[in-house]
Amino acid sequence: MHIGKKILVFIAGFCLPAVVIVSYCLGYWYDHRVELLRQDSANGELVNIQQQFQIDVSRLTFLNNIYALPLSQLDEEQRNKLESSWRESAISANLSWYILRHGELQSFFPNERPLSKDQLQNIASAISRAGKQSIAGVYLIDAQAYVVTAVASAPNEYVLLVRQLTESDLLEYAQASLVSKVAISHENMAQSKVNGTYNDAIEIPSLLKETPVYLQVQFFESPFQEVKFKLDWVSLGFILLGVFIVALGYMWLRAGLLKPFKNLMQQLAQVDPMASVYQPVKGEGIEELVLLASRVNRLLARIYQQKERAKITLESIAEAVILTDVDAKVIYMNPRAEVLLGVASCHAIDQSLASLLKAGEQLNQAVFSCISRCDSTPQIAKIKLLTASPRIMERSISNLRSHDKEIVGTVVVLRDITQEELLKHQLQKRANFDSITGLLNRQAFEEKLPHFTATAQTIAVCYLDLEQFKLINDSCGHAAGDRMLAMVSKAMQSCLGPQELLARLGGDEFGLVICGRSALSVAKLLKQLILKVSLQVLSSGNTHYKVGLSIGVAFGRAPYINAQESLKDADIACIAAKAKGANQIHFYDDKDKELTYQRNAPKWAVRIAQAIEENELILYYQPIRGLGSGPQRQRMEILLRIQEPCGRILPPAQFIAAAERFRLMPDIDKEVIRKAFLWLSLHPVLWPDHCISINLSGNSLGAEGMVEYITQQQQIFDIPSNCICFEITETTAIQNRNRGMEMLKQLRKRGFSFALDDFGSGFASYGYLRELPVDYVKIDGCFIKNLAVNAKDYAIVKSIQDVCRVMGIETVAEFVETQEIIDKLNTIGINYAQGYAISRPQPLANYREQYDIRRAQGA
């Protein structure tokens, strides 16, 4: 409904009825107030009439009291004279005197108009029953009212004064302007309306108590009726005047508001949102319409600006954009979509999206699914576009919503990812396959390994390592090495079937998984592989190169198959195979302690690093007792342990090999040096006669920065250098001869002493001993264990002692476990002994307490 009709309906349906209803309500309210005024006036008049009546009764009673006694004592002659004078007075009007003696009522004056005998008898009975000195009341006889007052003049004698009440007498009680009639009756007509007049009643004293008497008052209606509201021509004229004013207001409103507003609405109806330009609307009339038109123009400008931006954006982006309705029918295509599909936008409108893209009904179903689920996130998938040259597209479907959030269609975005997919395929191939051999790489091999062996009853995981391959790389270059790797991989593949999986794990290492074969069959196959590989010859210049193959095998049977763990076992077994020599095969055995240590080495390496970081390395000591006579320094060797969180102490055999393999010994040696220096600095009482021996590993010997670290720790803890002796093994001293010699010389200048550990177990000669600046030689325990019963060992130990004595080097015997060995060592002249016969290793933290106890006992 238009605003003009709404205003008309408002005036006719609301304003005019409101005027009529308000007029009616005002008239009703006025009538109600007039009625209340009438009731108040009537109630006031009733009170006045009642008061006037009471005054008259009181006067009659007073008059009777004055004349009652004297009148009763007059004789007949006196009464006649009194009667003549009474009749002549104005007060005698409508008044009669009576005397009641012994129940008989008689007229006082002879010529008194008496009441009937029954009436007088009724009055006498009422007075006699009352038995009071004074009685006043109204007595009604045949619609004629009498006011009777009785006063006792003597025993059983009353003087009665009776007044007859006429209509004029009763009317004098009220105001003539309000009361039309006053009457006395036995009926109560209180607040009644009869024949258009208002009646009310007042109860007045009755001579007969059992018969009530009422004073009936009838009021004039005309004084109040004249002021009540009446619909006359004047009132009707005012109402019509109000209607006319409302009509004039509507005409003014129509000319000043409705017509300009209608023109504005017509202009808005002609605005085409799809047009490229728009005509601004104009507001006329009131200022609000002009402001409204201005704001509408600004809103239209923003809408057209946004539309142009959206259009330019859609035409500029590189992806194909297609808009559809809720039925998957095309309603818009950007230029990129036209080029991609080879269809003009005008020809694609109203076509099904699936038919346009030739992608089947699945595309339409995807659109309907997106609409039905009201997804707020795009649905992304890949489709193949069957154009002249097939393309792989990434399609994204998003819901298109109206201003009230209702879905009105979808936006389909197509992005050409053909090149990306090709590149991804190439990258995936490069990521999974080795570019030199064409075999699976380590990552793909480890990912495929569990699935490949999932259903196998037996598997053999093999770790293959080429021998002498580094020689080819160093001599002929890496290109020649790559050719050899390709030749070797082809040779191995020629021996394998579909039940075998071969991969290059890196460098010159290969992985092989064999399923469904016995251990013997696996060994035969691997020997065939070794033979094939050994036949591969690489010619470079005038030189021919061959490679060997070391193979470690981890064999397992279902259901106890763990392919990843088996690969680790095969790696450890390959290390053992290389130790045997070239072209060897070694099967992993979990009962082999050496292989177990090798397998657990990575875990121990992590555990050692954690122990160093969390200060879990614990120092033990083993005393080294002097065997000669005379004063000697107290010597002890510092040993290393690791404490588990549960409190268990781990011996070094479980972690030293792992530390050496993963180059952790320099860090361990530094931590042992720091802790030993710290302990020694806390006990200066031990400095004069104690010397502690600290082992240095082969990796630490000559390591860069080790000398500086030892010097720095000595300065920090301020301990004497003659209390420290560093032990190096014979083998490491020879292998690191040049670097080790330089380190030994620098530390000796600072006052530290050195011991050559495990002497005699390696390939050292006495010539090396002459060159090494050591102070002590620790004879290897293999010569000491059987010293008491083996003459050869005795001769070797004695020769070492003789040479060292000549060179000024003191000797220490290790693994001294019996008293017999100690006796033999004393005979030979060995300077120090160390072993279980002397003392077992103990925590270094307990040494000071035991030392104090020994000194106290010695004292």
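Scope of the values below: all heavy atoms of this structure, side chains included, with no hydrogens, waters or symmetry mates.
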Could you give the distance from [atom1] ([X]) to [atom2] ([Y]), rounded to the nearest 0.5 Å?
X: Phe510; Y: Met492; atom1: CZ; atom2: CE; result: 4.0 Å
X: Phe587; Y: Cys462; atom1: CZ; atom2: SG; result: 7.0 Å
X: Gln457; Y: Ser518; atom1: CD; atom2: OG; result: 14.0 Å
X: Arg442; Y: Leu449; atom1: CZ; atom2: CG; result: 11.5 Å
X: Asp325; Y: Ile331; atom1: CG; atom2: CD1; result: 6.0 Å
X: Thr324; Y: Asp350; atom1: OG1; atom2: CG; result: 11.5 Å

Going by heavy atoms in the side chains, are [X] and [Y] under 4.5 Å from each other?
X: Val321; Y: Arg336; answer: no
X: Leu300; Y: Pro280; answer: no
X: Leu512; Y: Leu496; answer: yes
X: Lys490; Y: Gln536; answer: no
X: Val488; Y: Phe469; answer: no
X: Val461; Y: Val553; answer: no

Evaluate salt bridge (Lys or Arg N to Asp or Glu O under 4.0 Å) for Asp474 paired with Lys470, printing each intermediate quantity in order.
-> CA-CA 6 Å; Asp474 294 343; Lys470 188 174 185 301; 2.8 Å; yes
Member of Gln584, Glu467, His586 meeting the side chain to side chain donor-acceptor pair (under 3.5 Å) criterion with Lys578 =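 Running side chain to side chain donor-acceptor pair (under 3.5 Å) over Gln584, Glu467, His586 with Lys578 returns exactly one hit, Glu467.
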Heavy-atom pair with the smallest gap, counting every atom of [X] and [Y]:
X: Ala444; Y: Asn441; value: N-OD1, 2.9 Å
X: Tyr463; Y: Ala570; value: CB-O, 3.4 Å
X: Gly548; Y: Asn583; value: CA-OD1, 3.1 Å
X: Ala503; Y: Phe445; value: CB-CD1, 3.4 Å
X: Ser489; Y: Leu439; value: CB-CD1, 3.7 Å
X: Asp465; Y: Cys574; value: CB-SG, 3.6 Å

What donor-acceptor contacts under 3.5 angstrom involve side-chain atoms of residues 519-535, with partners at least two apart or in another chain?
{"residue": "Ser521", "atom": "OG", "partner": "Arg517", "partner atom": "NH1", "Å": "3.0"}
{"residue": "Ser534", "atom": "OG", "partner": "Ile530", "partner atom": "O", "Å": "3.2"}
{"residue": "Ser534", "atom": "OG", "partner": "Leu531", "partner atom": "O", "Å": "2.7"}

Do Gln306 side-chain atoms and Ile303 backbone N/O form a donor-acceptor pair below 3.5 Å?
->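 Judged by distance alone, no pair lies under 3.5 Å.
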For the side chain of Asn263 and the backbone of Lys282, is there at least one donor-acceptor N/O pair under 3.5 Å apart?
->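 Here the side-chain-to-backbone pair does not exist.
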Taking atom CZ of Arg295 as the centre, does the number of heavy atoms from other residues, nucleotides or ligands within less than 6.0 Å exceed 12?
->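 Open.
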Who pairs with Ile436 by side chain to side chain contact (heavy atoms under 4.5 Å, CB included), at least two apart in sequence or on another chain?
->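 Side chain to side chain contact (heavy atoms under 4.5 Å, CB included) check on Ile436 returns Asp434, Asp482, Leu485, Arg504.
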With sequence neighbours left out, what residues match Ser398 under side chain to side chain donor-acceptor pair (under 3.5 Å)?
->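 Applying side chain to side chain donor-acceptor pair (under 3.5 Å) to Ser398 gives none.
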